[in-house]
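Have a look at the structure below, then the notes.
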Amino acid sequence: MTIPFEKLKARLLANPKVKVEYEALAPEFEIAAELVRARQRAGLSQSELAIRMGTSQSTVARLESGQTLPSTKTLLRFAKATGSKFQIRLSAA
């Protein structure tokens with residue numbers, strides 16, 4: 001039996017401990033999603049972007065997975081390679 005993702009997510013997030021951990025990872029996933037959007041806007045594959053950044057495709061994949069937090073220097077290189085403008089914004093909670 002297959003459970004739709006949203007139902008599984010809701011069931012897991014009903015556990016307060018899981019919800020706390022999930023919310024703690026939100027910033028990493030937001031960064032990763034933004035990187036994917038920037039690459040797609042530029043019409044680049046991960047391999048093409050890697051060449052522009054002077055890195056490997058696997059490094060781009062790791063950045064886009066949210067498994068690692070990129071440095072500011074890496075984000076600047078990513079932005080330049082995708083023709084994007086790099087911005088940092090902090091807003092009230």
Side-chain angles (χ1 to χ4, degrees):
M1 178 170 96
T2 303
I3 300 172
F5 174 74
E6 289 303 321
K7 283 190 176 188
L8 176 62
K9 180 179 172 184
R11 186 183 304 167
L12 292 170
L13 292 178
N15 179 330
K17 290 180 182 180
V18 172
K19 187 173 182 176
V20 166
E21 291 299 320
Y22 179 83
E23 289 174 351
L25 294 173
E28 284 91 342
F29 291 125
E30 286 180 42
I31 292 168
E34 190 61 38
L35 294 177
V36 171
R37 283 190 293 271
R39 179 178 56 78
Q40 290 174 341
R41 266 194 318 268
L44 299 170
S45 68
Q46 288 182 343
S47 296
E48 292 167 330
L49 178 57
I51 291 167
R52 287 186 181 193
M53 289 180 66
T55 191
S56 66
Q57 179 274 327
S58 61
T59 297
V60 173
R62 275 193 303 279
L63 291 169
E64 292 184 355
S65 74
Q67 294 175 11
T68 59
L69 279 175
S71 67
T72 304
K73 184 177 178 180
T74 298
L75 290 172
L76 288 166
R77 286 179 33 228
F78 199 105
K80 183 177 180 182
T82 59
S84 301
K85 180 180 178 183
F86 179 74
Q87 298 178 335
I88 296 177
R89 180 182 52 208
L90 302 175
S91 58

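What's counted below: heavy atoms across the whole structure, side chains too, no hydrogens, waters or symmetry copies. In this text, all values refer to a predicted model and were calculated from it rather than measured experimentally.
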Among Leu63, Thr59, Leu35, Leu44, find the one that has a side chain to side chain contact (heavy atoms under 4.5 Å, CB included) with Leu49. Leu44
Verify whether one side chain among Ser45 and Ser47 offers a donor that lies under 3.5 Å from an acceptor in the other. no
Can you give me the closest heavy-atom contact between [X] and [Y], atom names plus distance?
X     : Y     : result
Leu13 : Lys19 : O-CB, 3.6 Å
Ser65 : Ala32 : C-CB, 4.1 Å
Ser84 : Arg41 : OG-NH2, 3.6 Å
Thr82 : Ala38 : CB-O, 3.8 Å
Glu48 : Gly43 : OE1-O, 3.9 Å
Met53 : Phe78 : SD-CD1, 3.7 Å

Measuring from atom [atom1] of [X] to atom [atom2] of [Y], what distance do you get when rounded to the nearest 0.5 angstrom?
X     : Y     : atom1 : atom2 : answer
Thr2  : Leu8  : OG1   : CG    : 11.0 Å
Gln57 : Gln46 : CD    : CD    : 4.5 Å
Thr55 : Arg77 : OG1   : CZ    : 6.0 Å
Arg37 : Glu34 : CZ    : CD    : 4.5 Å
Asn15 : Glu21 : CG    : CD    : 10.5 Å

same_hphob_cluster([X], [Y]) at 4.5 Å side-chain heavy-atom cutoff:
X     : Y     : answer
Leu25 : Tyr22 : no
Phe5  : Val36 : no
Val18 : Phe29 : no
Ile88 : Leu69 : yes

Does the side chain of Pro4 come within less than 4.5 Å of Glu6's, by heavy atoms? no
Is the number of heavy atoms from other residues, nucleotides or ligands under 6.0 Å of Phe86 CZ greater than 12? yes
